[in-house]
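Residue numbers count from 1 along this sequence. Heavy atoms only: backbone and side chains are in, while hydrogens, waters and symmetry mates are out. Everything numeric in this text was worked out from a predicted model, so none of it was measured.
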Amino acid sequence: VWMCFDGERLVGSVSALPHVVWVHDRKAVGYRVQDVLTEPDYRGRSIYRKLSEFCNSFLDEDEEAVHFTFPNESSENVFRTSGWSPVGTVPLWVAKPIDQRWSGDLPLVCYPLHTFSALEEAVWDSWRNIGTLGIDKNVPFLNWRDLGNPRANYQCYRIDRQHSSAVFVLKKFRQDSG
(Lines give C-alpha, C1' and ligand atoms only; values in the text may rest on other atoms or scores of the structure.)
Protein backbone atom coordinates (compact mmCIF):
# COMPACT_ATOMS: atom_id res chain seq x y z
CA VAL A 1 0.00 0.00 0.00
CA TRP A 2 1.35 3.41 -0.99
CA MET A 3 -0.15 6.42 0.77
CA CYS A 4 0.08 10.20 0.59
CA PHE A 5 -0.54 12.36 3.65
CA ASP A 6 -1.08 16.06 4.18
CA GLY A 7 0.10 16.29 7.77
CA GLU A 8 -1.80 13.48 9.44
CA ARG A 9 -4.63 13.46 6.89
CA LEU A 10 -4.60 10.62 4.36
CA VAL A 11 -5.25 12.18 0.93
CA GLY A 12 -4.34 9.39 -1.51
CA SER A 13 -3.59 5.68 -1.71
CA VAL A 14 -2.80 2.84 -4.11
CA SER A 15 -2.93 -0.84 -3.14
CA ALA A 16 -1.45 -3.87 -4.89
CA LEU A 17 -2.61 -7.30 -3.74
CA PRO A 18 -0.75 -10.49 -4.72
CA HIS A 19 -2.57 -13.10 -6.82
CA VAL A 20 -1.70 -16.29 -8.62
CA VAL A 21 -2.56 -15.71 -12.27
CA TRP A 22 -2.54 -17.88 -15.36
CA VAL A 23 -0.79 -16.58 -18.45
CA HIS A 24 -1.62 -18.89 -21.32
CA ASP A 25 -0.73 -22.27 -19.74
CA ARG A 26 1.60 -21.24 -16.93
CA LYS A 27 1.04 -19.93 -13.44
CA ALA A 28 2.72 -16.73 -12.36
CA VAL A 29 2.55 -14.45 -9.35
CA GLY A 30 1.22 -11.00 -9.96
CA TYR A 31 -0.37 -8.09 -8.23
CA ARG A 32 -3.81 -6.60 -8.74
CA VAL A 33 -3.66 -2.84 -8.41
CA GLN A 34 -6.81 -1.53 -6.75
CA ASP A 35 -8.21 0.96 -4.25
CA VAL A 36 -6.63 3.85 -6.11
CA LEU A 37 -8.03 6.87 -4.31
CA THR A 38 -7.38 10.60 -4.11
CA GLU A 39 -9.32 12.84 -1.74
CA PRO A 40 -11.53 15.11 -3.91
CA ASP A 41 -10.00 18.35 -2.56
CA TYR A 42 -6.53 17.09 -3.57
CA ARG A 43 -7.28 16.00 -7.15
CA GLY A 44 -5.33 17.63 -9.96
CA ARG A 45 -2.06 17.66 -7.99
CA SER A 46 -0.57 14.48 -9.53
CA ILE A 47 -0.90 12.56 -6.26
CA TYR A 48 -2.45 9.62 -8.09
CA ARG A 49 0.27 9.62 -10.74
CA LYS A 50 3.08 9.82 -8.15
CA LEU A 51 1.64 6.98 -6.05
CA SER A 52 1.21 4.90 -9.21
CA GLU A 53 4.86 5.50 -10.14
CA PHE A 54 6.00 4.22 -6.71
CA CYS A 55 3.71 1.22 -7.05
CA ASN A 56 4.88 0.49 -10.61
CA SER A 57 8.55 0.65 -9.64
CA PHE A 58 7.87 -2.00 -6.97
CA LEU A 59 5.95 -4.14 -9.49
CA ASP A 60 8.69 -3.83 -12.12
CA GLU A 61 11.24 -5.46 -9.78
CA ASP A 62 9.91 -8.92 -10.77
CA GLU A 63 10.19 -9.30 -14.53
CA GLU A 64 8.34 -12.65 -14.54
CA ALA A 65 5.27 -11.38 -12.68
CA VAL A 66 2.04 -10.45 -14.40
CA HIS A 67 0.14 -7.52 -12.94
CA PHE A 68 -3.42 -6.47 -13.67
CA THR A 69 -6.10 -3.99 -12.77
CA PHE A 70 -9.68 -3.11 -13.61
CA PRO A 71 -9.58 0.69 -13.95
CA ASN A 72 -12.72 2.77 -14.01
CA GLU A 73 -13.30 5.73 -16.30
CA SER A 74 -11.59 8.06 -13.80
CA SER A 75 -8.35 6.06 -13.56
CA GLU A 76 -8.05 4.45 -16.99
CA ASN A 77 -6.00 7.27 -18.54
CA VAL A 78 -3.35 7.20 -15.80
CA PHE A 79 -2.86 3.45 -16.30
CA ARG A 80 -2.56 3.88 -20.08
CA THR A 81 -0.07 6.76 -19.84
CA SER A 82 2.08 4.92 -17.28
CA GLY A 83 2.73 1.87 -19.46
CA TRP A 84 -0.21 -0.43 -18.77
CA SER A 85 -1.94 -1.95 -21.76
CA PRO A 86 -5.38 -3.55 -22.11
CA VAL A 87 -5.51 -7.31 -22.76
CA GLY A 88 -9.26 -7.50 -23.23
CA THR A 89 -12.58 -6.25 -22.05
CA VAL A 90 -14.86 -7.38 -19.27
CA PRO A 91 -18.24 -8.21 -20.80
CA LEU A 92 -21.33 -6.56 -19.40
CA TRP A 93 -24.32 -8.87 -19.23
CA VAL A 94 -27.80 -7.52 -18.79
CA ALA A 95 -30.52 -9.86 -17.63
CA LYS A 96 -33.90 -9.72 -19.34
CA PRO A 97 -37.07 -11.36 -18.09
CA ILE A 98 -37.66 -14.82 -19.51
CA ASP A 99 -40.71 -14.79 -21.75
CA GLN A 100 -42.62 -17.40 -23.74
CA ARG A 101 -40.08 -17.40 -26.58
CA TRP A 102 -37.68 -19.29 -24.31
CA SER A 103 -40.10 -22.14 -23.70
CA GLY A 104 -38.70 -24.28 -26.56
CA ASP A 105 -35.09 -24.09 -25.29
CA LEU A 106 -33.53 -26.74 -23.13
CA PRO A 107 -34.41 -26.17 -19.48
CA LEU A 108 -32.14 -23.78 -17.65
CA VAL A 109 -31.41 -24.57 -14.00
CA CYS A 110 -30.15 -21.74 -11.82
CA TYR A 111 -29.47 -22.09 -8.14
CA PRO A 112 -27.68 -20.08 -5.44
CA LEU A 113 -24.27 -21.17 -4.20
CA HIS A 114 -23.53 -21.09 -0.49
CA THR A 115 -20.07 -22.60 -0.95
CA PHE A 116 -17.91 -23.22 -3.99
CA SER A 117 -16.75 -26.74 -4.82
CA ALA A 118 -14.45 -28.42 -7.34
CA LEU A 119 -17.34 -28.31 -9.85
CA GLU A 120 -17.39 -24.50 -9.84
CA GLU A 121 -13.58 -24.37 -9.89
CA ALA A 122 -13.70 -26.47 -13.09
CA VAL A 123 -16.11 -23.94 -14.63
CA TRP A 124 -13.70 -21.07 -13.82
CA ASP A 125 -10.77 -23.10 -15.21
CA SER A 126 -12.56 -23.81 -18.48
CA TRP A 127 -13.19 -20.09 -19.01
CA ARG A 128 -9.66 -19.14 -17.93
CA ASN A 129 -8.21 -21.51 -20.53
CA ILE A 130 -10.05 -19.70 -23.33
CA GLY A 131 -8.28 -16.37 -22.83
CA THR A 132 -4.79 -14.98 -22.46
CA LEU A 133 -4.87 -14.02 -18.80
CA GLY A 134 -6.93 -15.25 -15.86
CA ILE A 135 -6.87 -15.09 -12.09
CA ASP A 136 -6.38 -18.47 -10.43
CA LYS A 137 -9.81 -18.83 -8.83
CA ASN A 138 -9.45 -22.03 -6.88
CA VAL A 139 -12.02 -23.16 -4.32
CA PRO A 140 -10.40 -21.50 -1.27
CA PHE A 141 -10.04 -18.22 -3.17
CA LEU A 142 -13.62 -18.31 -4.45
CA ASN A 143 -15.02 -19.09 -1.00
CA TRP A 144 -12.92 -16.40 0.68
CA ARG A 145 -13.40 -13.67 -1.93
CA ASP A 146 -17.03 -14.07 -2.85
CA LEU A 147 -18.71 -15.85 0.07
CA GLY A 148 -16.55 -15.49 3.19
CA ASN A 149 -15.57 -11.86 2.89
CA PRO A 150 -17.74 -9.92 5.38
CA ARG A 151 -17.34 -6.71 3.33
CA ALA A 152 -18.63 -8.39 0.16
CA ASN A 153 -22.37 -8.82 0.21
CA TYR A 154 -22.35 -10.91 -2.97
CA GLN A 155 -24.80 -13.45 -4.28
CA CYS A 156 -23.27 -16.39 -6.17
CA TYR A 157 -25.08 -18.64 -8.62
CA ARG A 158 -24.47 -21.58 -10.91
CA ILE A 159 -26.45 -22.07 -14.10
CA ASP A 160 -26.64 -25.46 -15.80
CA ARG A 161 -28.12 -26.33 -19.15
CA GLN A 162 -27.51 -29.83 -20.52
CA HIS A 163 -23.66 -30.11 -20.77
CA SER A 164 -22.90 -26.44 -20.20
CA SER A 165 -22.39 -24.54 -16.93
CA ALA A 166 -21.70 -21.00 -15.87
CA VAL A 167 -20.96 -19.47 -12.50
CA PHE A 168 -21.68 -15.85 -11.78
CA VAL A 169 -21.28 -13.48 -8.88
CA LEU A 170 -23.90 -10.79 -8.49
CA LYS A 171 -22.16 -7.84 -6.86
CA LYS A 172 -24.76 -5.13 -7.27
CA PHE A 173 -28.37 -5.26 -8.21
CA ARG A 174 -30.49 -2.24 -8.96
CA GLN A 175 -34.16 -2.22 -9.77
CA ASP A 176 -35.78 0.32 -12.06
CA SER A 177 -37.20 1.95 -8.93
CA GLY A 178 -33.66 2.73 -7.75
Which atom pair, heavy atoms only, marks the closest approach of C156 to L147? SG-CD2, 3.5 Å

Output all residues satisfying side-chain hydrogen bond (donor to acceptor under 3.5 Å, both in side chains) with N143, sequence neighbours left out; order by chain, then residue number. T115

Results of side-chain hydrogen bond (donor to acceptor under 3.5 Å, both in side chains) for R45 - residues two or more places apart only: none

What salt bridge (charged side-chain N to carboxylate O under 4.0 Å, His left out) pairs are there with at least one residue in residues 7-21, not counting sequence neighbours? R9-E39

Please list, chain by chain and in numerical order, all residues satisfying ring-ring contact (aromatic ring centres under 6.0 Å, His included) with F58, sequence neighbours excluded. W2, Y31

Would a distance-only check, ignoring hydrogens and angles, find a side-chain to backbone donor-acceptor pair under 3.5 Å from H67 to L59? yes

With clusters built from Ile, Leu, Val, Met, Phe, Trp and Tyr whose side-chain heavy atoms come within less than 4.5 Å, directly or transitively, what are the remaining members of the cluster of L17, listed by chain and number? none

Just jot down the side-chain hydrogen bond (donor to acceptor under 3.5 Å, both in side chains) partners of S15, sequence neighbours excluded, or say none. none

Can you sort out the partners of T38 under side chain to side chain contact (heavy atoms under 4.5 Å, CB included), two or more places apart, ordered by chain and number? Y42, R43, I47, Y48

Under the 4.5 Å side-chain heavy-atom rule for ILVMFWY, direct or indirect, which residues accompany V139? none

For Y111, all residues meeting side chain to side chain contact (heavy atoms under 4.5 Å, CB included), sequence neighbours excluded: V109, L113, R158, D160

With sequence neighbours left out, the residues meeting side-chain hydrogen bond (donor to acceptor under 3.5 Å, both in side chains) with Q155 are Y157

Please find the pair of heavy atoms, one from L51 and one from G12, that lie closest to each other, and give the distance. CD1-C, 3.5 Å

Name all residues meeting the side chain to side chain contact (heavy atoms under 4.5 Å, CB included) criterion together with L142; count only those two or more places apart in sequence or in a different chain, and write none if there are none. F116, W124, K137, D146

If you take all heavy atoms of V33 and T69, which pair is closest and at what distance? O-OG1, 2.8 Å

Which Ile, Leu, Val, Met, Phe, Trp or Tyr residues join M3 in one cluster when any pair of side-chain heavy atoms under 4.5 Å counts as a link? V1, F5, L10

Using the six-membered ring wherever Trp is involved, compare the ring planes of H19 and F68 and label them parallel, tilted or perpendicular (cut-offs 30° and 60°). tilted

